[in-house]
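To keep things clear, I will list the structure first and then write my remarks on it.
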Amino acid sequence: MMSTFLHQRPIHNPFSNQYLLSPHSNSTSQRPISIFNPTALLILLSLLVVLWVFLPWAGMPVFIFSTTRSPSVTKWRHYSLAQAASFVAKNGTVIVCAVSQPYLPFLNNWLISISRQKHQDKVLVIAEDYATLYKVNERWPGHAVLVPPAPDAQTAHKFGSQGFFNFTSRRPRHLLHILELGYNVMYNDVDMVWLADPFFYLQGNHDVYFTDDMAAVKPLQHSHDLPPPGKKGRTYICSCLIFLRSTPGAKLVMKKWIEELQEQPWSKAKKANDQPAFNWALNKTVGAAAFPTGGLYFKNQTWVQETKGKHVIIHNNYISGFEKKIKRFRDFGLWLVDDHALESPLGRL
């Protein structure tokens with residue numbers, strides 16, 4: 001059997017001190033194909049852009065030039081809720097939110113308002129995808145944690161979807177875990193803005209403080225007892241803002257909330273979310289007190305003027321969609337990111 005060997009000659013690459021090998025032809029010399037020609041560079045650049053844009057949305061970190069994770073990335077993947085709570089807790093209290101990547105602008109807006117009340121150091125961001133975990137800890141080390149498994153990042157923000165249910169139904173488990181670690185915990189949705197320090201209003205020794213989601217006007221000195229049930233036989237308490245003391249009563253409410261979610265799973269016919277289960281849990285337990293809400297803020301300007309100076313936290317609910325929420329915040333002067341991003345611990349995202 002005869003073997004044929006092609007002779008190769010080195011061709012100098014003017015962009016480096018190395019040589020490229022090119023097959024040599026006895027008849028006609030051929031130009032070497034270099035990765036530095038315009039077509040190859042354009043293809044490479046396009047590939048990098050595709051990877052850079054789509055991998056974070058899939059909840060995957062972007063490491064273009066390395067097949068191994070950096071030590072800091074490995075650290076945050078193994079960072080536990082217990083470690084994170086211990087790191088951020090101040091005076092036995094942790095402020096918690098749960099965020100997926102699409103809501104990062106709202107997280108920043110919320111953080112600006114909290115920084116103005118000097119409570120940002122006790123904030124813990126429970127990241128619901130790895131892109132959020134890495135982004136927050138890159139800018140603000142130690143203030144984000146991911147509790148595996150991460151939900152589907154593409155569906156977690158679509159209200160009424162199974163992904164949204166899976167996202168929100170994790171909340172009572174996170175809160176219960178923090179309570180069992182011995183910390184008091186305040187939970188906020190990030191489509192909120194603090195206008196004053198809410199801790200001033202958490203008076204008494206109640207186990208749970210929360211907001212009534214009904215838009216009816218109440219007198220300023222209204223009762224803080226659990227409101228009467230509505231047409232569906234349960235109250236309409238919002239799970240968007242909750243303060244829990246590390247007491248047996250608060251832990252009981254969280255455990256009951258988890259049980260109710262298990263009994264009312266999501267289905268296409270009944271697109272459940274976590275809030276009805278939270279209300280049933282409250283209705284079936286005792287010893288809770290209501291935390292008055294600013295829920296009328298966007299609906300009743302007469303009430304807003306009559307109660308000016310008394311608003312504490314504004315929740316941008318009763319509306320769906322990122323752009324609509326941002327527009328309404330802007331209309332009311334509450335979208336702080338445009339002009340005050342540097343007040344956030346994350347800076348300008």
Side-chain angles (χ1 to χ4, degrees), residues 81 84-86 88-99 107 110-111 113-126 143 168 170-214 218 222-227 235-258 274-275 277-283 285-295 297 310-317:
L81 184 57
S86 175
V88 306
K90 301 290 184 292
N91 300 319
T93 298
V94 178
I95 301 171
V96 168
C97 65
V99 181
L107 170 65
W110 176 72
L111 283 173
S113 71
I114 291 180
S115 297
R116 292 179 174 183
Q117 305 303 325
K118 311 301 182 186
H119 285 294
Q120 73 276 11
D121 288 344
K122 58 173 71 79
V123 169
L124 176 58
V125 177
I126 297 181
H143 282 267
T168 58
R170 290 159 53 89
R171 187 184 316 175
R173 296 184 184 277
H174 300 328
L175 299 179
L176 178 59
H177 190 175
I178 294 171
L179 292 174
E180 290 178 335
L181 290 170
Y183 303 106
N184 302 327
V185 57
M186 174 178 279
Y187 172 83
N188 276 193
D189 283 353
V190 292
D191 59 341
M192 289 184 157
V193 170
W194 288 25
L195 299 182
D197 187 342
F199 290 97
F200 174 79
Y201 296 87
L202 303 178
Q203 300 174 359
N205 294 314
H206 306 291
D207 298 314
V208 184
Y209 298 75
F210 44 80
T211 61
D212 189 350
D213 209 20
M214 297 299 289
K218 295 180 179 180
H222 64 82
S223 170
H224 289 184
D225 293 334
L226 193 67
T235 50
Y236 291 91
I237 302 301
C238 187
S239 57
C240 55
L241 190 160
I242 310 169
F243 179 75
L244 304 158
R245 300 193 191 278
S246 183
T247 62
K251 295 173 189 176
L252 177 63
V253 173
M254 294 299 101
K255 291 175 182 177
K256 192 64 182 175
W257 189 2
I258 293 168
D274 68 308
Q275 193 158 302
F278 178 58
N279 278 266
W280 285 118
L282 288 172
N283 295 167
T285 53
V286 294
F291 181 56
T293 181
Y297 196 85
K310 296 182 172 63
H311 312 134
V312 180
I313 296 179
I314 307 303
H315 185 201
N316 198 353
N317 59 350

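Predicted model only: the values in this text are computed from it and were never measured.
One finds the CD1 atom of Ile95 at 11.0 Å from the NE2 atom of His143 (value rounded to the nearest 0.5 Å). Expressed to the nearest 0.5 Å, how far OG of Ser113 lies from CD1 of Ile313 amounts to 8.0 Å. Considering OG of Ser86 and CD1 of Ile178, their distance stands at 12.0 Å, rounded to 0.5 Å. Here the NZ-CD distance, from Lys255 to Glu180, works out to 5.5 Å after rounding to the nearest 0.5 Å. Distance CG/Asn317 to CE/Met192: 7.5 Å, rounded to 0.5 Å.
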- Message: With side-chain contact (heavy atoms from CB on, under 4.5 Å) as the criterion, how do Asp189 and Arg171 come out once you've worked through the C-alpha distance, each side chain's angles and the decisive distance to 0.1 Å?
- Response: CA-CA 11 Å; Asp189 283 353; Arg171 187 184 316 175; 3.9 Å; yes
- Message: Would His315 and Leu241 count as a side-chain contact (heavy atoms from CB on, under 4.5 Å) here? Give the steps.
- Response: CA-CA 9 Å; His315 185 201; Leu241 190 160; over 6 Å; no
- Message: Would Val190 and Val125 count as a side-chain contact (heavy atoms from CB on, under 4.5 Å) here? Give the steps.
- Response: CA-CA 10 Å; Val190 292; Val125 177; over 6 Å; no
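Remark: Trp110 engages Asn188 in a side-chain hydrogen bond (donor to acceptor under 3.5 Å, both in side chains) (not counting sequence neighbours). The ring pair (Phe, Tyr, Trp, His ring centres under 6.0 Å) test applied to His177 returns no partner, not counting sequence neighbours.
Residue Phe210 comes nearest to Val208 through the heavy atom pair CD2-CG1, 3.6 Å, listed as atom of the first residue, atom of the second, then distance. Annotation for Pro172 and Ile258: closest pair CB-CG1, 3.8 Å, computed over non-hydrogen atoms. Taking both residues in full, the closest heavy atoms of Leu176 and Met254 are given as CB-CB, 4.0 Å, listed atom of the first, atom of the second, then distance. Closest heavy-atom contact between Gln120 and Ile114: N-CG2, 3.6 Å. Closest approach of Val123 and Val88 over heavy atoms only: O-CG1, 3.6 Å.
Under the 6.0 Å distance and 45° angle rule, Lys122 counts as a cation-pi partner of Phe199.
For Tyr187 and His174, the ring centers sit 6.0 Å or farther from each other.
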Using a 3.5 Å cut-off and no angle test, enumerate the donor-acceptor pairs between side-chain atoms of residues 242-249 and protein atoms at least two apart in sequence or in another chain.
residue, atom, partner, partner atom, Å
Arg245, NE, His206, O, 3.1
Arg245, NH2, Leu202, O, 3.4
Arg245, NH2, Gly204, O, 3.0
Arg245, NH2, Tyr209, OH, 3.2
Ser246, OG, Leu179, O, 2.8
Thr247, OG1, Asp207, OD1, 2.7
Thr247, OG1, Ala250, N, 3.2

